[in-house]
Amino acid sequence: MKKLKYPFNKPFIIGDELEYIQEAISKGQLAGNGEFTKKCHSYFVKKHKLGKALLTSSCTHALEMCALLIDVKEGDEIIMPSYTFVSTANAFALRGAKIVFADSKPDHPNIDETKLEALITEKTKAIVVVHYGGIACEMDTIKELTDKHNLYLIEDAAQAIDSYYKGKPLGSIGHLSTFSFHETKNIISGEGGLLGVNDPTMYERSEIIWEKGTNRSAFFRGEVAKYNWVDIGSSFLPSELTAAFLFAQLEHIEEIQLKRKKNLDQYFKNLKVLEETNNVFCPNIPDYATNNAHNFYLICNSEEERRGLISYLKSEDIMAVFHYIGLHSSPFYENKHDGRELINVDRFENLLVRMPLYYNLSTEDIDYISSKVLEYFSKAQ
Ligand SMILES: *Cc1c(COP(=O)(O)O)cnc(C)c1O
């Protein structure tokens, strides 16, 4: 594929990433759970108010740990949005769960909290929410439901670092939560993720599952005399090299977020006019949510219009992309889905298009990209 001047995403280095990797090497521990891992854990416990934090090799792995921690069994039902990344569902499908897909809200890709109670049955074990684009779901309503029906609440906060719901940091509300540091997210380590554990009854077991089913962490703290195989688990922890890179990024989170938010505001400022002129919509941010500048997208009028925009931008050296084919209509799940139509999922699948947004874009770059978007729509009229 030809490299465009404005790719959709560009990974970046901002601080002491390379020095910290060097430092980890000098210290002589490259395997996981060393000093840099602990520094990252502290950051998240403090800033996202997590009960306990465990770095993982990906958000996908953190989600798989969630399925193990809540003991998903064959036939258990897990309710989640259809409009999400495949890992949200796959982690639970791996344990034999039946995935019950819910629709998005009419005005936002997030799960529609008003449609959830009707999906709860005797077999429901958990509701997994995804804070799409880092924008909070309506958590009060959803938490009331999970409390009432005695269900686990899990937050896929992969895109939601530095974001809040009514002042509460995302990831701190559910029993469990997951974050991603994949190179397309706000804070990156190449591949990488984190599990947040807010239910104290799961603290001990989360560490065991993380350490391949052993009580190795307790052994190193001197709490047990030998370490043993005590439960199922896997190798979910990343090496210190990953943690060193990640910690260097976390030290600069304010600077990163400031720039991303400035660029996002610039997109809004330049493109909000399309709502009036072309019935094309910018992201809708509810009052209860903050915007962590994870992404910027437009909602087009038709698939043709979107296709035209993407190819016009490509001809101007700009890579815009669409995403999330509703999981309920995916080749793997289509014949397992119960047939309910999810009209808002279909709409976002067909009409949403994402613009480039990454740390190294300048205000001038955003202005250039915006001008090409406006050019397309003025011609389309
Ligand atoms: C990126 C993402 C994931 C997967 O994260 P990895 O770290 O790549 O495994 C899961 N869920 C959502 C909503 C995501 O955006």
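Note that these values count all heavy atoms, side chains included, but never hydrogens, waters or copies made by symmetry. In listed order, ligands and their atoms are each counted from 1.
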Restricting to side-chain hydrogen bond (donor to acceptor under 3.5 Å, both in side chains), what partner residues turn up for Asp346, sequence neighbours left out? none
Flag the pair Lys261 / Asn291 as yes when at least one side-chain heavy-atom distance between them is below 4.5 Å, and no otherwise. no
Give me the pairs of N or O atoms, one from ligand 1 and one from the protein, that sit under 3.5 Å apart.
unit_1, atom_1, unit_2, atom_2, d
ligand 1, 5 (O), Ser180, OG, 3.3
ligand 1, 7 (O), Cys59, N, 2.9
ligand 1, 7 (O), Ser180, OG, 2.7
ligand 1, 9 (O), Cys59, N, 3.3
ligand 1, 9 (O), Thr60, N, 2.8
ligand 1, 9 (O), Thr60, OG1, 2.5
ligand 1, 11 (N), Asp156, OD1, 3.4
ligand 1, 11 (N), Asp156, OD2, 2.8
ligand 1, 15 (O), Gln159, NE2, 2.7
ligand 1, 15 (O), Lys185, NZ, 3.2

Evaluate the ring planes of Phe36 and Phe247, with Trp represented by its six-membered ring, and classify them as parallel (under 30°), tilted (30 to 60°) or perpendicular (over 60°). tilted
Salt bridge (Lys or Arg N to Asp or Glu O under 4.0 Å) partners of Lys49, counting only residues at least two apart: none
Given Gln257, Arg260, His131, Gln159, the one that forms side-chain contact (heavy atoms from CB on, under 4.5 Å) with Asn292: Gln257
Can you name the residues that form a ring-ring contact (aromatic ring centres under 6.0 Å, His included) with Tyr43, not counting sequence neighbours? none
